[in-house]
Amino acid sequence: MGGAFALVPRSSFRFTLCCMPASCALQFWLLKSEPDVFGYPDLVRVGREAWNGVRNYQARNFLRQMREGDVCLFYHSNAKPAGIAGVARVARTAYPDDLQFDPASAYFDPASPPQQPRWSMVDVEPVRAFPAVLGLDTIRSLPEWQDSPLVRKGTRLSVLPVTAEQFDAALKAAGLNADFL
DNA sequence: GCCAACGTTGGC
DNA sequence: GCCAACGTTGGC
């Protein structure tokens, strides 16, 4: 076995403890989706997807902070089981969400100024499916996640930042290491 | 299906 | 700018 090497979560080692300027540091996020509508297997099937339909300012602002290559936990909400289903990656940074200008869409926003679109989306690609969905109850039990909006009662944020420690803890709880990153 | 919690809307 | 009403989220 890897000995001391294995004791160091690879993602933290590489991206947090390395001598990278903060402006370049890899960021981690969690994206919620209802699997009945679009689940992680759907992302795997299509290979790449525009993360549209976000209509909450705080979530939108997080989308706009994303950089190419940022790592996302894909969370299944409103599901049995609810939890993290896999890892995705930001393939394109924020650009205008086209659905806001589509009158036929449920996400149409007639008040959005075309010259300064109100809503943004990013593109994401699948990276790795979890062996099994990491249930919300398990996530709640992880010390690293105690302060996350995900587990805070009443928070409905659909795009939220994740720390490197939270990411590593989730991966470890899912039985994965971060070598694939 | 229930309902707590929260964000948004719109009258005033 | 207040705040009641309404809609939505999302776990259970």
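Below, read A as the first sequence line, B as the second, and so on, with proteins coming before strands; counting in each chain starts at 1. All heavy atoms count here, side chains included; hydrogens, waters and symmetry mates do not.
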Participant: Can you check the A/Asp36 CG to C/dT9 P distance for me, whole Å?
Facilitator: 14 Å
Participant: Using a 4.0 Å heavy-atom cut-off, does A/Arg140 contact any base of the nucleic acid, only the sugar-phosphate backbone, or nothing at all?
Facilitator: sugar-phosphate
Participant: Let's see if you can work this out: which of B/dT8, B/dA4, C/dT8 has an atom nearest to the side-chain heavy atoms of A/Arg156?
Facilitator: C/dT8
Participant: Side chains of A/Asp123 and A/Tyr95: is there a donor and an acceptor less than 3.5 Å apart?
Facilitator: yes
Participant: Just how far, in rounded Å, is P of C/dG11 from NZ of A/Lys153?
Facilitator: 13 Å
Participant: Just how far, in rounded Å, is P of C/dG7 from CG of A/Asn56?
Facilitator: 19 Å
Participant: Roughly, in whole Å, what's the span from CG in A/Leu160 to P in B/dC6?
Facilitator: 15 Å
Participant: Round to a whole Å and report the spacing from CG of A/Leu30 to C1' of C/dG10.
Facilitator: 14 Å
Participant: Starting from C1' on B/dT8, measure out to CH2 on A/Trp119 and report it in whole angstrom.
Facilitator: 10 Å
Participant: If you check the A/Leu136 side chain, which of B/dG7, C/dG10, C/dC12 turns out closest?
Facilitator: C/dC12
Participant: Can you say whether the rings of A/Trp29 and A/Phe62 are parallel (under 30°), tilted (30 to 60°) or perpendicular (over 60°)?
Facilitator: tilted
Participant: Send over the distance from A/Leu157 CG to C/dT8 P, rounded to a whole Å.
Facilitator: 18 Å
